[in-house]
Each structure stands twice: as structure tokens, then as C-alpha cells.
Amino acid sequence: MAVAPVVAFAQPAKLVRGPYLQLPTPKSMAVRWRTDKESKGLVRWGLSPESATNRVSHKGVLSDHVVQIDGLKPNTRYYYVVGSETNRWITEPGNAFSFITPPEPGSVQPVRVWAVGDAGTATTNQVNVRKAFETWHAQQPADLWLMLGDNAYSTGTDRQYQRAVFNVYADMLRRVPVWPTLGNHDAYSADSSTQSGVYYDIFTLPSRAQCGGLISGTEAYYSFDFANVHFVCLDSHDSDRSKGGAMAEWLRADLAGTSRDWIVAFFHHPPYTKGSHDSDKLSDSGGRLVEMRENILPILEAGGVDLVLTGHSHSYERSFLLNGHYGYSTNLAPSMVLDRGSGRIDMEGPYKKDSGNAPHQGTVYLCAGSSGQTSGGKLNHPANWVSLNKLGSLVLDFDGPRLDVRFLGDRSQVRDYFTLLKKP
């Protein structure tokens, strides 16, 4: 009697990372994920879980999948599923796998931003900071979130990114687009000049101004728009920080070209800190803190930037409304502090600026590098209104001419807050 041959069926690809969202525009969204074996990645999407029947795929077979969904409508929720060429869908449609496209650029509507700095410790501290935000923001989720560098300790390897980013923020990543900047620990395994290494392999960033702003030609620094807010990401670690360098020249042109009501810049190395790093010391971090303050801050303030977010020091430090302080802490003159108040509506009142992006109207600088650990320090820089050796993250709420900023602790307590108002 003949014995039938044993037929081996290939096992379908399994999901090992993501999905996560990149390059959001009013009409498109990029979805990324990783599988344990190479396959042809597919995304199914629609306006409801039941109608998620539109399909789009990438070319070739890959284990790191990137699929862009086009033809979307602005400010609209879509549901999606990821899978492979075997037609085996490895996620299920539902609220956990959905996103809202950005509104049309320039639209005036409430915008919520979450920002974490130096978060990538993969510890209970990091998880508690994330949980605190999830608890606090339940009624108004974030529209986008920023990572202020040192996203995965200690050397930014792929395995460390898996533990500190993709495992910790899995739910947030599949629903809310993330915008990162390069930190010194990420740079151990990445190189900005060649745009290579783990950081650049993991993220898909707008080097061609796909999301607004001006073409930078590199993923190391870039800009994008969301509603009436213009965001600028700089590379304070690995790119040329000189006044006449490529990043500085691009920054001048990008700021000159935006007409958005608000401008937020973010990068890793803080210009004013007395925490686990000292912005007065040329020997600290290879002089990067000093170079960013001396060479880049004049461009930011001349371009009308309202808010600058950084990390690196494992603490929370928030400045007064400043203009023109590019020297050491001992060089801070009274004329450089445009408002010595708290910026709190229930105290001395909010910080106020003229509407638009007029130069030198004042900027608030925040160091928020305590989303994964705290490391102390003197915390006595005279440019700062408050300095705290506390865990937490930042919440930015834009609403027309008003910006409310909160430093949210690891137990959902508001540890600091202030308001910026744009006057007509």
C-alpha cells in the first residue's frame, strides 16, 4: 500500500513589533511593523472595523514592513489591519488599531501633544510615567507625541528599542504617530551623516517635507505641521551645530517659511540646565549644550519660536519667558527675562506674546529628561523659574491663541503648569 507523502506547510509570519504609525498627513499615513520572517506586507483599512476592506501592500518580501495608505480624508478616524501575502491577518480591527488623520494645515482646533524625554530605561519608572498620562488623558487622547532623545538605553540597540519603546508604548504607537529626535545614547548605534543604524532603520521621518515645512534632505532634522502648530526637530548630537552649518541654514529658511500660529522646537541637549548635566561647562557632552545655546538659540528666537523642548538632564527645568540669553548662567541680564512671573493664570498671570511669529517676543525652554529616571543636580540655573528632581512627562494643549503646558508626574499629579497667550 502506497504511503501518501508528508506535505510541509509554511507557517505564516508572526507579528513581533508594532504596528506603529509614521508620516501622518491629512491624506495619508504610513504603517510599520515587523514579522519573524519575510513576507509581502498588506494593510487593510476603512472607516469602520467592518468596512476595513481597502488594501495596500509594499513591493517585495520584507520582515520590516512599511506601507503607506493614501487617499484619506483630513481629521478622520480610520481602522486598519496588518497581515501578509498569505491573507492571514495578524491583527484584528477595532479601536486599538485605528488612527485619526491630521487636520488641514493651518486649521484652528484643540491639539494635544505628549512629550517624553530620556524615557528609554525599560523600568517601572518609565511604565509609571506612561500609565500616569494614560490615566490623566482619558477624556482627550494625544494627537501626536514626541520623544526627546535617549529613547532606548544604554546604546540604542534594536533589542533595547524593543524593550524600552515597542514593548512599553505598544498601545500608543498603534494609535498615535510618534516623532523622535536623536539622543546621545541612541547615537551609539546610529550615524546621522549616513542616516544609518538602528534609529534611522526604525523610524520613517520626513526628509522631503512630506508633512509640511521645508525639505531638509535628511532624517536627522526635519519639520512638520499639525493644525496651526509648526514643529521643528533638530539633531543636537550628531549634526553640525555651527552658525553657518547645513542644519542652521535650513532652520533659518524653515522658520522664515512658516505661517503657523505656534512654533515648537525640540532636540536633546538643553541650553539651560543645572541637573545631571551643566550647560555652563564646555566639557559637558562635548560642548553640545553650549553650542546649541550660542549658535542655534539666536536662530530660534529670531524665527519666533514659542517653546523649546529638550531632555538629557534627568530632571524637569522650566525657564522664564526669555530672549537673548546666549551666554553662561552668570551672564543672564534682567533685560533677557521678559516676564519673571510663573506664567500661571491663577498666580501672576500667563506669559503673553503678540500674535504671529514676530522675532524676539520671548521663548520658554523646558528640559524634561525625567520620563524614565531622575539623577539630581544643583537645579539652580537662574534662567529657570522652577526645577524639580521628579519623574514625569509633558502635556501641551493648544487651543486657538492659548497654549497650556503641564508637567505631569508619575502618579498623574500636575507638578508644574503655565500658559502662553498670543495677543491680537
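A salt bridge between R112 and D397 is present, with a side-chain N of the basic residue lying under 4.0 Å from a carboxylate O of the acidic one. One finds a salt bridge joining R34 and D64 here, because a Lys/Arg side-chain nitrogen approaches an Asp/Glu carboxylate oxygen to under 4.0 Å. Using a cutoff of 4.0 Å between basic side-chain nitrogens and carboxylate oxygens, D254 and R252 are not scored as salt-bridged. Using a 4.0 Å cut-off between charged side-chain N and carboxylate O, R406 and D416 make no salt bridge.
For the pair V264 and H230, the minimum side-chain heavy-atom distance is 4.5 Å or more. The shortest side-chain heavy-atom distance between I296 and E301 does not fall under the 4.5 Å cut-off. With a 4.5 Å cut-off on side-chain heavy atoms, V414 and L408 count as touching. In this structure, T101 and Y78 have side chains that are in contact, with non-hydrogen atoms separated by less than 4.5 Å. Y365 places none of its side-chain heavy atoms less than 4.5 Å from the side chain of T310. The closest side-chain heavy-atom distance from R260 to P105 is below 4.5 Å. Contact annotation: the side chain of L420 approaches that of L321 to within less than 4.5 Å [non-hydrogen atoms, C-beta and beyond]. Side-chain contact check for T35 versus V16: every heavy-atom pair is 4.5 Å or farther apart.
Stacking of R293 on the aromatic ring of Y328 is recorded, both the 6.0 Å distance cut-off and the 45° axial limit being met. Under the 6.0 Å distance and 45° angle rule, R175 does not count as a cation-pi partner of F97. Taking the ring axis of F320 as reference, the NZ or CZ atom of R340 stays within 45° of it and closer than 6.0 Å to the ring centre. Both cation-pi conditions hold for R17 and F166: the charged atom is under 6.0 angstrom from the six-membered ring centre and inside a 45 degree cone around its axis.
How far OG of S319 is from CG of L366: 6.5 Å, rounded to the nearest 0.5 Å. Taking CG of L42 as the reference point, atom NZ of K40 lies at 7.0 Å (rounded to 0.5 Å). Taking OG from S193 and CG from D238, the interatomic distance works out to 6.5 Å, rounded to the nearest 0.5 Å. Put simply, OG1 on T25 and CG on D70 are 7.5 Å apart, with the number rounded to the nearest 0.5 Å. S84 contributes atom OG, which lies 12.5 Å from atom CD of E38 (distance to the nearest 0.5 angstrom). With rounding to the nearest 0.5 angstrom, the CD atom of Q22 is 9.5 Å from the SG atom of C211.
The neighbour count for R411 CZ, taken as heavy atoms of other residues, nucleotides or ligands under 6.0 Å away, does not exceed 12. The number of heavy-atom neighbours closer than 6.0 Å to NZ of K422, taken from other residues, nucleotides and ligands shown, is above 12.
Of the candidates L403, V113, T363, L307 forms a side-chain contact (heavy atoms from CB on, under 4.5 Å) with just one, namely L403.
In this structure a side-chain-to-backbone donor-acceptor pair under 3.5 Å is present from T135 to K131. A donor-acceptor pair is defined here as one N or O able to donate and one able to accept, closer than 3.5 Å; such a pair exists between the side chain of Q160 and the backbone of G156. Between the side chain of H65 and the main chain of L62, a donor-acceptor pair closer than 3.5 Å is present. Here the side chain of D186 pairs a donor or acceptor atom with the backbone of G183 at under 3.5 angstrom. Q210 contributes a side-chain N or O that, together with a main-chain N or O of R208, makes up a donor-acceptor pair within less than 3.5 Å. A donor-acceptor pair under 3.5 Å links the side-chain atoms of D280 to the main chain of S329, judged by distance alone. Side-chain N or O atoms of D235 include none that pairs as donor or acceptor with a backbone N or O of A220 at under 3.5 Å. Proximity of a side-chain donor or acceptor of S370 to a complementary backbone N or O of K390 within less than 3.5 Å is detected. A donor-acceptor contact shorter than 3.5 Å is absent between the side chain of N384 and the backbone of V386. One N or O on the side chain of T91 and one on the backbone of V82 form a donor-acceptor pair closer than 3.5 Å.
Residues Y221 and W250 place their aromatic rings such that the two centres sit under 6.0 Å apart. Residues H237 and H268 place their aromatic rings such that the two centres sit no closer than 6.0 Å. Two rings, from F203 and W179, have their centers 6.0 Å or more apart.
The aromatic rings of Y80 and F99 sit tilted, their planes meeting at an angle between 30° and 60°.
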Give the C-alpha distance, both sets of side-chain angles, the deciding distance and a yes or no for side-chain contact (heavy atoms from CB on, under 4.5 Å) between Q140 and H137.
-> CA-CA 5 Å; Q140 184 186 345; H137 89 317; 5.9 Å; no
What's the verdict on side-chain contact (heavy atoms from CB on, under 4.5 Å) for V308 and F266, showing C-alpha distance, side-chain angles and the deciding distance?
-> CA-CA 6 Å; V308 172; F266 63 105; over 6 Å; no
Taking it one step at a time, do V43 and V81 satisfy side-chain contact (heavy atoms from CB on, under 4.5 Å)?
-> CA-CA 6 Å; V43 175; V81 187; over 6 Å; no
In sequence, state the C-alpha distance, the side-chain angles, and the governing distance for D150 and T121, and then conclude on side-chain contact (heavy atoms from CB on, under 4.5 Å).
-> CA-CA 9 Å; D150 285 1; T121 57; over 6 Å; no
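For the 3.5 Å distance criterion, the side chains of N323 and Q361 fail to qualify, holding no donor opposite an acceptor. Residues S192 and Y200 have side chains that bring a donor and an acceptor to within less than 3.5 angstrom of each other. No hydrogens or angles considered: nothing links the side chains of T419 and R344 as a donor-acceptor pair under 3.5 Å. With 3.5 Å as the limit, one finds a donor-acceptor pair spanning the side chains of S98 and R77. Using modelled atom types and a 3.5 Å distance limit, the side chains of S285 and H312 yield a donor-acceptor pair. Side-chain N/O atoms of Q126 and Y153 include no donor and acceptor closer than 3.5 Å. Using modelled atom types and a 3.5 Å distance limit, the side chains of W114 and S393 yield a donor-acceptor pair. Checking N128 against D410 by side-chain atom types alone, no donor-acceptor pair falls below 3.5 Å. For the residue pair T273 / E317, a side-chain donor-acceptor distance below 3.5 Å is found, with atom types taken as modelled.
The shortest heavy-atom contact between P206 and S216 is O-OG, 4.5 Å. Summarising the geometry of A227 relative to P103, their closest heavy-atom pair is CB-CG, 3.7 Å, with the distance given to 0.1 Å. The nearest pair of heavy atoms linking P180 to N151 is CB-ND2, 4.4 Å. The nearest pair of heavy atoms linking T155 to S189 is O-OG, 3.1 Å. Residues L255 and L300 share a closest heavy-atom pair of CD1-CA, 4.1 Å. Taking every heavy atom of both residues into account, W262 and G400 meet most closely at NE1-O, 2.9 Å.
Applying the side-chain hydrogen bond (donor to acceptor under 3.5 Å, both in side chains) criterion to E348, with sequence neighbours excluded, gives S342.
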